[in-house]
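For reference, the structure discussed in these notes is given below.
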Amino acid sequence: MTATQHKGHSVIHDDPVTGIRQEIRKLLLDNGSEVYGCQQCAFTSETAGPVQHHLKTCGKPTNKPAAKTAPNLANSAMAELTLGKIMTAAANYDDVVEERDYWKSRARTAETKLDALNKAVKDALS
């Protein structure tokens, strides 16, 4: 899809540029002047350099993550929550964190004791 116009002038002929890249096209305009264009889109320039630079990104997918959209909650369980229920759950958050920290501490202590027991058994068998 090479450009069909450049600065208001129509393209009357389109040739590949030899010696550079085939994606760069030499465009003859209706006023007799020549410009260069990208074969993949409508980008044009008076010189081939900007078109060659443009080709580095033309047609390539970007690494940008997809735009995030808000989830549709109309058909989910979240749609039934009232502000009161949400506030109650938020008030219980500190209790949940405290309980989690308690069990996390117990798990770490148990892992330390288990490691010591495994080491003792390994040493006894050696």
Side-chain angles (χ1 to χ4, degrees):
M1 179 193 134
T2 307
T4 57
Q5 286 195 345
H6 175 76
K7 295 186 178 179
H9 295 284
S10 297
V11 174
I12 57 173
H13 192 70
D14 173 2
D15 283 321
V17 175
T18 56
I20 306 179
R21 292 175 65 176
Q22 291 296 315
E23 294 94 352
I24 299 177
R25 311 295 290 185
K26 186 183 277 189
L27 309 174
L28 178 62
L29 303 179
D30 60 5
N31 67 352
S33 64
E34 291 181 342
V35 295
Y36 297 87
C38 174
Q39 179 179 345
Q40 300 172 19
C41 70
F43 183 83
T44 59
S45 177
E46 273 78 30
T47 60
V51 179
Q52 192 164 6
H53 180 73
H54 161 81
L55 286 170
K56 293 177 184 175
T57 57
C58 183
K60 292 185 180 177
T62 62
N63 290 331
K64 294 181 182 176
K68 292 183 179 179
T69 58
N72 181 3
L73 301 178
N75 296 326
S76 72
M78 296 288 287
E80 297 175 15
L81 288 178
T82 63
L83 183 57
K85 289 180 181 179
I86 293 171
M87 294 301 291
T88 302
N92 294 335
Y93 176 78
D94 291 335
D95 295 336
V96 171
V97 169
E98 186 178 326
E99 186 175 352
R100 179 206 61 198
D101 291 345
Y102 167 76
W103 287 108
K104 190 184 237 182
S105 173
R106 286 198 56 182
R108 286 188 177 147
T109 302
E111 286 175 343
T112 303
K113 289 179 180 179
L114 183 59
D115 288 343
L117 183 61
N118 283 335
K119 186 175 186 292
V121 169
K122 186 177 181 180
D123 290 344
L125 296 175
S126 300

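Quick note: residue numbers are just sequence positions, from 1. Worth knowing before you read on, the calculation uses all heavy atoms, side chains too, and leaves out hydrogens, waters and symmetry mates. These numbers were taken from a predicted model, which means no experiment stands behind them.
Within the 4.5 Å cutoff, side-chain heavy atoms of Cys41 are placed close to those of His54. For the pair Arg25 and Cys38, the minimum side-chain heavy-atom distance is 4.5 Å or more.
Other members of the cluster containing Met87 are Leu83, with ILVMFWY side chains joined at under 4.5 Å, either directly or via other members. Taking a 4.5 Å side-chain heavy-atom cut-off between Ile, Leu, Val, Met, Phe, Trp and Tyr, the cluster of Leu29 extends to Val11, Leu27, Val35.
Partners of Asn92 under the side-chain contact (heavy atoms from CB on, under 4.5 Å) rule, at least two apart in sequence or in another chain, are Thr88, Asp95. The side-chain contact (heavy atoms from CB on, under 4.5 Å) test applied to Glu34 returns Lys26, Leu28, not counting sequence neighbours. Taking Thr82 as the reference, Lys85 meet the side-chain contact (heavy atoms from CB on, under 4.5 Å) condition, with sequence neighbours excluded. Qualifying side chain to side chain donor-acceptor pair (under 3.5 Å) partners for Asp94, counting only residues two or more places apart in sequence or in other chains: none. Checked against ring-ring contact (aromatic ring centres under 6.0 Å, His included), His6 has no partners two or more places apart in sequence or in another chain. With sequence neighbours excluded, no residue satisfies side-chain contact (heavy atoms from CB on, under 4.5 Å) with Thr4. For His53, the side chain to side chain donor-acceptor pair (under 3.5 Å) test picks out no residue, with sequence neighbours left out.
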Contacts under 3.5 angstrom, residues 119-126 side chains, donor-acceptor by atom type, not counting sequence neighbours:
from	atom 1	to	atom 2	distance (Å)
Ser126	OG	Lys122	O	2.8

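The minimum heavy-atom distance between Thr44 and Gln5, with the atom names listed, is CG2-O, 4.3 Å. For the pair Val51 and Tyr36, the tightest heavy-atom approach, listed with the atom from each and the gap, is CG2-O, 3.7 Å.
Sorted by first and then second residue, the salt bridge (charged side-chain N to carboxylate O under 4.0 Å, His left out) pairs involving residues 45-54 (not counting sequence neighbours) are Lys7-Glu46. For the side-chain hydrogen bond (donor to acceptor under 3.5 Å, both in side chains) condition, the pairs that include at least one residue of residues 97-108, sequence neighbours left out, are Tyr102-Arg106.
Taking CD of Glu23 as the reference point, atom CG of Leu55 lies at 5.5 Å (rounded to 0.5 Å).
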